[in-house]
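Within every chain, numbering begins at 1; the chains are lettered A, B, ... in the order of the sequence lines, protein sequences first and strands thereafter.
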2 protein chains.
Amino acid sequence: MATIRDVAKLAGVSVATVSRVLNNNGNVHKSTKEVVQAAITTLNYRPNEIARTLYKKNSRLLGLIIPDITNPFFTELARAIEDTAHRYGYTMVLCNTDEILEKEQHYMEVLKQRQADGCLMITNEKATFLDEELGIPIVALDRPIHSHIPFIQADHYQGGKIAAQTLLQKGSTQLVHIRGPKYLDSAEARYQGFLDVVEKEKISYHIFESSFQPRNDEFLINNIFERFPEIDGVFAANDVIAVSVLKTALHRGISVPEDLQIIGYDGILFGQLFYPSITTVAQPIYQLGKQAVQMLINLIEKKETEQKICRLPVQLVERDTTRKE
Amino acid sequence: MATIRDVAKLAGVSVATVSRVLNNNGNVHKSTKEVVQAAITTLNYRPNEIARTLYKKNSRLLGLIIPDITNPFFTELARAIEDTAHRYGYTMVLCNTDEILEKEQHYMEVLKQRQADGCLMITNEKATFLDEELGIPIVALDRPIHSHIPFIQADHYQGGKIAAQTLLQKGSTQLVHIRGPKYLDSAEARYQGFLDVVEKEKISYHIFESSFQPRNDEFLINNIFERFPEIDGVFAANDVIAVSVLKTALHRGISVPEDLQIIGYDGILFGQLFYPSITTVAQPIYQLGKQAVQMLINLIEKKETEQKICRLPVQLVERDTTRKE
DNA sequence: CGGTTTCATGTAACCGGTTACATAGAAATG
DNA sequence: CATTTCTATGTAACCGGTTACATGAAACCG
C-alpha cells in the first residue's frame with residue numbers, strides 16, 4: 001500500500017502538502033493540488049485510517065453492545081443502526097453480550113482500546129456503566145442506564161394502554177397479560193399501562209411473568225390455558241411470546257381471533273408471516289436505531305445532546321389475531 | 001488515558017521494558033516485571049490498540065460483508081461469527097450490503113483503510129472480488145467467489161435430494177419446488193438435488209422461481225395454488241418461503257400436513273414457532289459461521305488454509321408440516 | 001583468569017498520518 | 001519603496017505503541 005510519503009515523492013511536494021490536499025484544509029495552490037491528486041490517482045493511494053486515528057484520536061468507530069442479535073427486535077435495531085452509522089461515515093462493531101456482565105465489561109474495554117468514538121448500549125447493568133469511568137460517550141437504547149446518560153426508547157406505558165384498550169374495545173373480557181421480566185423497566189411500563197386500563201374498567205385479568213426465553217414460555221403458556229380456560233384476550237409482552245400463545249391456542253383447538261384475541265408487542269417483521277398474522281403494538285424500531293445513532297454522533301461531535309431522554313410513540317398494527325371492529 | 005511512557009516513568013524503567021512485560025517476550029527480570037505490573041495496575045493502564053496496529057499491521061479486526069442482517073439465516077450466521085471471532089480475540093465489523101455492488105466495494109475500502117485483518121463475504125459479485133486486488137484475506141461464505149478464494153457452504157445438492165426424498169417417502173405425489181434465484185449457486189444446487197430425485201422416480205412436479213423477497217412471493221404462491229390445486233408436496237428453497245406457503249395453504253383451507261406437505265430449508269430458529277411447525281432441511285448454521293471464522297483466522301495467521309473448499313452436511317428436521325411415518 | 005555467552009535493560013527509529021511553526025516570495029498598503 | 005500581510009510550502013515533532021541494536025553486568029568455561 002502506498003503511503004503519503006510515496007505520494008509526496010511522486011508529486012514532488014512535502015507530506016504536509018499532500019495532507020492538506022487530502023483534508024482540503026490549509027492553502028494549497030491550484031496547480032499543486034492537481035499534481036498531488038494525479039499522484040494519488042496513479043498510486044491508487046488511500047490514507048491509512050489507523051495512522052489518522054492515532055494522531056486525531058477519533059476513529060469513526062461505533063460499538064453496539066446488545067444482548068443477542070438473534071432476537072428479532074435487536075436484529076432490526078442493529079440493521080437501522082448500521083445503516084445510519086454508515087450514512088454518517090461511521091463503522092459499526094457488533095458486540096453480543098447475552099446480558100452477561102463480564103462480556104459487557106470486556107467489550108467496553110475492547111472498544112476503548114480501539115479508540116471507539118462512542119457506544120450504543122442495551123444493558124440491564126445500570127450501576128456498572130456510569131459515564132465517569134467510561135471515557136467514551138454512550139447512548140442507552142431501550143433500557144435506561146442512568147439519568148445522566150442519554151436514553152431513547154419507545155413509549156411502553158402508552159403501548160401497554162393501547163394493547164389493553166384494543167382488547168377491551170374488540171370485546172375481550174377475561175384478559176391475561178404475559179409480562180416481561182421484573183428487572184426490565186420497559187416490561188414494567190407496559191405492565192403499568194395495561195394495569196391502568198384494566199383497573200379503571202374493572203375487568204377481570206391475570207398477570208404472568210415471562211423470562212423472555214421462548215423455551216421456558218411454552219410451559220408457562222400451557223399452564224395458563226390449563227388453569228384459566230375462560231380467558232379470551234392475551235396481551236403478550238413481545239411478539240415472540242404472542243406467537244407462542246397463538247401456537248398453543250391453535251394446538252388446543254381455540255379459534256383465534258374468534259374465541260381468543262392476541263396482541264403482541266414490538267412489531268417485528270416476522271409477525272405478519274403467521275396464520276393468522278399477529279396484531280401487535282409496533283415500536284418504531286428503525287426510527288429508534290436511527291435516532292439513537294444521531295444522538296450518539298451529536299454527543300461525539302458536539303460534546304452534548306439537546307435532550308437527554310427521547311421517547312418515541314408506538315403504534316397499533318391491526319392484523320388477524322384481533323377481531324375486526 | 002495513561003500511556004506506556006507513564007507506566008515506564010512510574011516504574012522507573014524504559015518503555016521497551018514495559019512493552020516486554022506487556023507482551024511477555026524478551027527477557028525481563030522477575031523483580032522488574034513485578035514493579036511494572038504494579039505500575040500498570042496503579043494507572044489502570046490499557047495498551048492503545050491503534051498504536052499497536054499501526055506498527056504491527058495487524059488489527060485483529062474482521063469484516064463481515066453480508067447482504068442483510070435482517071434475513072434470519074444471516075442473523076444466525078452473524079451470531080456464530082461474532083461469537084467465534086470474539087473467542088479468538090478478534091472484533092467484528094458488520095457491513096450490510098443489500099447485495100449492492102457499490103456498497104460492497106465501499107465496505108471493502110473501509111475495511112482496508114482500517115487495516116482489517118480479513119473479511120468474510122457473502123456476495124454474488126464473483127468477478128469483482130478476486131483476491132489479487134484485495135490485499136486482504138477473504139473467506140467466501142455460502143456463495144462462492146472464485147476457485148482460489150477459500151469457500152464454505154452447506155451441502156445444498158444433498159439438501160435438495162433429502163427434501164425431495166422425504167416428500168416422496170411420506171406420500172406426496174404432486175410436487176412443487178419453489179426454488180431460489182437462478183444467479184445463486186446454492187439455489188441451483190438444491191434444485192439439482194431435487195430434480196435428480198424426482199426425475200429418477202418419474203414423479204409429476206413443477207418448478208417456480210422465487211426472488212427470495214417475501215413481498216413478491218405472496219403473489220407467486222397464490223398463483224401456484226390457483227393453477228395447480230392438485231399439488232400435495234412443496235419444497236421451498238428457504239424457511240421464509242415455506243412459511244408463506246403454509247400461510248397461504250391454511251388461508252385456502254388446505255390441511256397441512258394431511259393434504260399438503262411442506263418442507264423448508266435453512267433450519268432457522270423461527271421455524272419451530274409456527275403452527276404447524278415447519279419441517280425443514282437444516283443447515284448447520286452455527287457451524288458454518290464458526291468454521292468460516294476459523295478458516296479465515298488460519299489464513300491470516302498461517303497465511304494458508306488446509307482446504308480451499310469446505311462443505312458441511314445438512315440435516316432433515318422433521319416437524320409438523322410433514323406426515324409422521 | 002581472559003574470553004565468550006547470556007541476561008537485563010535502555011536508546012532511538014519506525015509505523016503513517018497531522019499539524020505547529022518556520023520561511024520565502026508575492027501581494028497589499030501607506 | 002519600505003513595511004506589513006498573505007499565500008504556498010517545507011521541516012520536524014507528535015500520536016503510542018514495538019523492536020533492532022547497543023551496552024554493561026553476570027554467568028560460564030576451558
Which one, [options], comes nearest to the side chain of [X]?
X	options	result
A:Asn27	D:dA8, D:dA20, D:dC15	D:dA8
B:Pro47	C:dT11, D:dG17, D:dC15	D:dG17
B:Val15	C:dG10, D:dT18, C:dG17	D:dT18
B:Leu22	D:dT18, C:dT18, D:dG10	D:dT18
A:Ala51	D:dT18, C:dG16, D:dA8	C:dG16
B:Tyr55	C:dA20, D:dG17, C:dA8	D:dG17

Quick check on [N]: is either OP1 or OP2 less than 4.0 Å from any side-chain nitrogen or oxygen of [X]?
X	N	result
B:Lys57	D:dT18	no
A:Tyr45	C:dG17	yes
B:Asn23	D:dT18	yes
A:Ser14	D:dT9	no
A:Lys56	C:dT19	yes

Applying a 4.0 Å non-hydrogen cut-off, can you work out what [X] is touching in the nucleic acid: base, sugar-phosphate, or nothing?
X	answer
A:Thr3	sugar-phosphate
B:Asn48	sugar-phosphate
A:Thr17	sugar-phosphate
A:Thr32	sugar-phosphate

Send over the distance from [X] [atom1] to [N] [atom2], rounded to a whole Å.
X	N	atom1	atom2	result
A:Glu49	C:dT18	CD	C1'	13 Å
B:His29	C:dA8	NE2	C1'	8 Å
A:Leu54	C:dT19	CG	C1'	14 Å
A:Asp6	C:dG16	CG	P	9 Å
A:Asn24	C:dT18	CG	P	13 Å
A:Asn25	D:dA8	CG	C1'	14 Å
B:Asn58	D:dT19	CG	C1'	14 Å
A:Lys33	D:dT9	NZ	C1'	14 Å

Heavy-atom donor-acceptor pair, [X] side chain to [Y] backbone, under 3.5 Å:
X	Y	value
A:Gln153	A:Arg143	no
A:Arg46	B:Gln113	no
B:Asn23	B:Asn25	no
A:Asp117	A:Ser59	yes

Quick one: does A:Arg5 reach the base of C:dG16 with a side-chain donor-acceptor pair under 3.5 Å?
yes
Want to settle it: does B:Arg46 or B:Arg20 sit nearer the 5' end of DNA chain D, counting the closest nucleotide to each?
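Nearest nucleotide further toward 5': that of B:Arg46.
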Only one of B:Leu94, B:Leu111, B:Ile69, B:Asn96 passes side-chain contact (heavy atoms from CB on, under 4.5 Å) with B:Leu64; say which it is.
B:Leu94
Do B:Thr53 and B:Gln115 meet the criterion of a side-chain donor-acceptor pair at a distance under 3.5 Å?
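Judged by distance alone, the side chains do not pair up.
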